Amino acid sequence: MKSTPSHRPETASAAAAQTDPTLNALRASESRYRRLFEAARDGILLLNSETGQIEDVNPYLIELLGYSHAEFLGKKLWEVGSFADRDESREMFAQLQSNGYVRYDDLPLKTKAGAEVAVEFVSNIYDCAGTRVIQCNIRDISERKRMEEQLRRMAFYDTLTNLPNRRLLGDRLSQAMAASKRSGRYGVMMFLDLDEFKLLNDAHGHAAGDLLLIEAAARLKTCVRETDTVARFGGDEFVVMVGDLGTDEAGSSTQAGIVARKIHAALALPYALKLHQGEAAQSTVEHQCTVSIGMVLFKDHQISQDNILSRADAAMYQAKNAGGNSIRFFESKV
């Protein structure tokens, strides 16, 4: 009877492999990488640097863009819907191949469902077991952009009426003056003050006053073009700036007067202000409001921004001192 060897050769080989420290280290390294790859809170996309084909994507990118793992694998970057809409996808890949690094701080992509998502796209190229692989890190920056837009609106827009505030008005006036210099056309700056606004606040509270300001802002926007500016200067004061009038002063004054009378009539219409009291109850305050309007023409940089604003403000006070409910041009020539 033949004796049986205590260990088969293949069993001995497997045992030796299990105790090989180099192989164990490689396995541990691969396991760590896979855990990091799977758990990353950025999208990761691996491309073959020669063909541009997608070799792997992590779960976060699948969740972000809505495509399945199978819908990514084997496709070229520009064959996946999110990137197919990007005209520069092929150019992007050419840059990846030649430079090994591409960065887009704000790249709009489309999800499979058609929603737009803003991402930061950063790629690097590296050697992996003799194969050059391009790793693309894709970070969703939608929330960051939303916060940035919110901060921008807080800095440049009135929180109650959503109209431009003084800071943005100054920027718009600079642009209007530059446009006037190029075209040789006049613009007009109007200062508006709602007459006896305090009486409404005193009788019905600040909530009623806020509703009036919101409604007045909406009416003002209907009286001018989209290229013109309606701003809230503060309190119950508004500013309307209309550009691209005529090249002569008399004609421009006539056009400005037409706009001012349109505004005057729109703001004079009755207001029905719905005040909420508690969760369901509401009451309606009927109110009629007049407005005092002061205007000044400007052209090129004949006077400074500060002078334009102060002259329009002075003209508004002239209208106010005349009893309100009227329109006045600044008396001096611009």
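Starting from 1, each residue takes its place in the sequence as its number. Being a predicted model, the structure only gives us computed values, none of them experimental.
A donor-acceptor pair under 3.5 Å is absent between the side-chain atoms of R328 and the main chain of K320, judged by distance alone. Looking only at distances, no side-chain donor or acceptor of D42 sits under 3.5 Å from a matching main-chain atom of N137. A donor-acceptor pair under 3.5 Å is absent between the side-chain atoms of T161 and the main chain of A217, judged by distance alone. No donor-acceptor distance shorter than 3.5 angstrom exists from the side chain of N58 to the backbone of E38, with no hydrogens or angles considered. In terms of modelled atom types and a separation under 3.5 Å, the side chain of R232 and the main chain of G235 share a donor-acceptor contact.
A salt bridge links R144 to E148: at least one charged side-chain nitrogen sits closer than 4.0 Å to a carboxylate oxygen. A salt bridge is defined here as a Lys NZ or Arg NE, NH1 or NH2 lying under 4.0 Å from an Asp or Glu carboxylate O, and E120 with R103 meets this definition. With respect to R219 and E215, a salt bridge is recorded, a charged nitrogen being found less than 4.0 Å from a carboxylate O. Using a 4.0 Å cut-off between charged nitrogen and carboxylate oxygen, R146 and E143 count as a salt-bridge pair.
The side-chain heavy atoms of M190 and L192, taken from C-beta on, include a pair separated by under 4.5 Å. A heavy-atom distance below 4.5 Å is not found between the side chains of L273 and T284. Side-chain contact between Y157 and N165: absent, with no pair of heavy atoms (C-beta onward) separated by less than 4.5 Å. By the 4.5 Å heavy-atom criterion applied to side chains, D236 and L213 are counted as neighbours. Counting heavy atoms from C-beta on, the side chains of L212 and L194 come closer than 4.5 Å. Side-chain contact between F298 and N307 is absent, with no heavy atoms from C-beta onward closer than 4.5 Å.
Using modelled atom types and a 3.5 Å distance limit, the side chains of Q53 and N48 yield no donor-acceptor pair. No side-chain donor-acceptor contact under 3.5 Å links S292 and D193.
Atom-to-atom distance recorded for E116:CD and L109:CG is 8.5 Å, nearest 0.5 angstrom.
Annotation: K221, atom NZ; neighbour count of heavy atoms from other residues, nucleotides and ligands within 6.0 Å does not exceed 12. Heavy-atom contacts from other residues, nucleotides or ligands closer than 6.0 Å to CZ of R167 number 12 or fewer.
Of all non-hydrogen atoms in N201 and G209, the two that sit nearest each other are OD1-CA, 3.2 Å. Taking all atoms of both residues into account, the shortest heavy-atom contact from A260 to I293 is O-CD1, 3.7 Å.
Ring planes of H287 and Y271: tilted class, angle from 30 to 60°.
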